[in-house]
Structures are given as structure tokens and as C-alpha cells.
Novice: 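Please see the structure below; I have some questions.
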Amino acid sequence: MRNARDTVQAYFDALVVGDAETLIAMMLPVSHYVKIGTDADEVVEGSVEIAAYYRNHVASTEDFSIEFINLNVQERGNVAWFYTRQVWRLKWQGTSEEFMMRMTGVLEKIDELWRFAQIHASIGHQ
């Protein structure tokens, strides 16, 4: 069984290698799930669009690396939350990019597995 920190790390590992199916399985399939990305219309509310979102994300991304500046994960009972700052380097839809990513999220433990209930991302200044 993974702890919440290992689950958060596994999320970023799956992003880097483009493993959409692992990412999808890590999301909580509930109506209160929410993923807010960096684009104005990048919002997934509820679990219906999770699979399409992550399949599109990994299909649009190449040469992906993440450099962690910090990662803080806290667990309390069946709820955990994280905060991280990272430098993302990738080719997104054919264009090479580098930017400071700031992310927060909430996880719930269901049947001894940590799953993401909420993720919020924003781009900061370097």
C-alpha cells in the first residue's frame, strides 16, 4: 500500500512517462472530483471527463521532465493534501516550453488506496 506522498510522486512520474491509464486510475471517480489546469477552459468537474482529459494531455506532450523545487504532502486520517513547486520542461503540442508550475491537491483514501479528489495548477514566474 502506498502512502499519500508516494501516490503524489507516482502521479508526477506517470505524467512524465505519458501513462494515461495510471493517471486515470489515480483519480477518484466521484461527482465532487475537480481538476483545474492552467488554461482558461481547462476544468474537469466530476469524473465523466477524466479519461478524455488525461489521454489528451499525454498525447499532446513530448520530452517531458519535472524538476521539483519542493513537495509537501500531509495526511490526516483518510484525507491528504499536497503543495508543490516545480519546473516543467516539455514539448506541448509541438512547441518547446519551460515554466514554473505550482500545484495543490486533495486526496481521499478509499479501500486503502489514495486517489485524487482535486488538483489545481497554476503557472508562476521564474
Side-chain angles (χ1 to χ4, degrees):
M1 173 177 58
R2 288 184 183 158
N3 61 29
R5 183 181 183 84
D6 291 344
T7 301
V8 172
Q9 183 64 56
Y11 171 82
F12 292 112
D13 292 346
L15 273 178
V16 168
V17 300
D19 185 350
E21 299 313 308
T22 294
L23 292 164
I24 294 163
M26 296 176 87
M27 302 305 120
L28 195 61
V30 293
S31 61
H32 63 269
Y33 172 87
V34 66
K35 165 70 168 84
I36 300 172
T38 58
D39 293 339
D41 61 346
E42 190 179 354
V43 177
V44 177
E45 294 177 299
S47 60
V48 174
E49 298 298 321
I50 290 172
Y53 173 82
Y54 280 104
R55 288 184 182 126
N56 178 63
H57 189 284
V58 301
S60 303
T61 306
E62 303 173 65
D63 303 328
F64 196 175
S65 69
I66 296 175
E67 176 187 338
F68 284 84
I69 295 168
N70 75 326
L71 174 61
N72 185 308
V73 182
Q74 300 292 317
E75 283 183 38
R76 302 292 187 277
N78 290 335
V79 176
W81 55 94
F82 76 93
Y83 161 71
T84 185
R85 285 185 305 135
Q86 309 161 337
V87 177
W88 282 24
R89 295 176 185 92
L90 58 115
K91 188 180 287 184
W92 176 253
Q93 300 177 343
T95 303
S96 292
E97 299 186 25
E98 178 177 316
F99 49 88
M100 176 72 69
M101 180 66 77
R102 304 171 299 186
M103 296 180 73
T104 62
V106 177
L107 298 88
E108 293 182 36
K109 186 164 48 170
I110 306 290
D111 298 328
E112 300 304 312
L113 293 174
W114 287 103
R115 295 188 185 219
F116 292 86
Q118 182 181 87
I119 300 172
H120 181 266
S122 64
I123 297 175
H125 299 287
Q126 295 201 84

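For reference, positions follow the sequence shown, starting with 1. The model shown is predicted, which means the values in this text are computed figures rather than measured ones.
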Novice: Determine the sole option in Val30, Leu113, Asn78, Leu28 for which the side-chain contact (heavy atoms from CB on, under 4.5 Å) test with Glu108 is passed.
Specialist: Leu28
Novice: Minimum heavy-atom separation for Ala10 and Arg2, please, with both atom names.
Specialist: CB-NH1, 3.3 Å
Novice: Any chance you could measure Ile50, atom CD1, to Glu45, atom CD, to the nearest 0.5 Å?
Specialist: 12.0 Å
Novice: Ser65 and Arg89: side-chain donor and acceptor closer than 3.5 Å?
Specialist: no
Novice: Tell me whether Val34 is reachable from Val44 by hopping between hydrophobic residues (I, L, V, M, F, W, Y) whose side-chain heavy atoms are closer than 4.5 Å.
Specialist: no
Novice: Does this structure show an ion pair linking Lys35 with Glu49, if we count only N-O contacts that are shorter than 4.0 Å?
Specialist: no
Novice: For Gln86 and Phe68, work out which heavy atoms get closest and say how close.
Specialist: NE2-CE2, 3.1 Å
Novice: Which heavy atom in Ala4 sits nearest to a heavy atom in Ala80, and how many Å separate them?
Specialist: CB-CB, 3.6 Å
Novice: Roughly how far, to the nearest 0.5 Å, is the CD atom of Glu98 from the CD atom of Glu67?
Specialist: 8.0 Å
Novice: Does any N or O in the side chain of Asn3 come within less than 3.5 Å of the main-chain N or O of Arg5, such that one atom is a donor and the other an acceptor?
Specialist: yes
Novice: Would you call the rings of Phe116 and Phe82 parallel, tilted or perpendicular, taking 30° and 60° as the class edges?
Specialist: perpendicular
Novice: Run through Asp13, Val16, Leu90 and flag the one making a side-chain contact (heavy atoms from CB on, under 4.5 Å) with Ile66.
Specialist: Val16
Novice: Could you go through Gln74 and Tyr83, starting from their C-alpha distance and side-chain angles, then the distance that decides it, and tell me whether this counts as side chain to side chain donor-acceptor pair (under 3.5 Å)?
Specialist: CA-CA 9 Å; Gln74 300 292 317; Tyr83 161 71; over 6 Å; no
Novice: From Leu107 CG over to Met26 CE, what is the distance, rounded to the nearest 0.5 angstrom?
Specialist: 8.0 Å
Novice: Under a 4.5 Å side-chain heavy-atom rule over Ile, Leu, Val, Met, Phe, Trp and Tyr, are Ile36 and Tyr33 clustered together?
Specialist: no
Novice: Let me confirm one number: the CZ-CD distance from Arg55 to Glu21, rounded to the nearest 0.5 Å.
Specialist: 4.0 Å
Novice: When rounded to the nearest 0.5 angstrom, what is the spacing between CG in Leu23 and OH in Tyr53?
Specialist: 9.5 Å
Novice: Quick one: does Phe12's side chain get under 4.5 Å of Thr84's, heavy atoms only?
Specialist: yes
Novice: If hydrophobic clusters are built from ILVMFWY residues whose side chains come within less than 4.5 Å, do Leu15 and Ile123 share one?
Specialist: yes
Novice: Is the shortest side-chain heavy-atom distance between Trp81 and Thr104 below 4.5 Å?
Specialist: no
Novice: Membership question, hydrophobic clusters at under 4.5 Å side-chain separation (ILVMFWY): are Met101 and Val43 in the same one?
Specialist: no
Novice: Under the 3.5 angstrom rule, does the side chain of Ser96 hit a backbone N or O of Lys91 as a donor-acceptor pair?
Specialist: no
Novice: I want to check something: taking the side chain as every heavy atom from C-beta on, are Val58 and Asp19 in contact at a cut-off of under 4.5 Å?
Specialist: no
Novice: Would Val79 and Val106 count as a side-chain contact (heavy atoms from CB on, under 4.5 Å) here? Give the steps.
Specialist: CA-CA 7 Å; Val79 176; Val106 177; 4.2 Å; yes
Novice: Anything under 30° is parallel, anything over 60° is perpendicular, the rest tilted; go ahead and classify Tyr54 against Tyr11.
Specialist: perpendicular
Novice: To the nearest 0.5 Å, how far apart are OG in Ser122 and CE in Met103?
Specialist: 9.0 Å
Novice: May I have the step-by-step check of side-chain contact (heavy atoms from CB on, under 4.5 Å) for Trp88 and Thr38, ending in yes or no?
Specialist: CA-CA 13 Å; Trp88 282 24; Thr38 58; over 6 Å; no
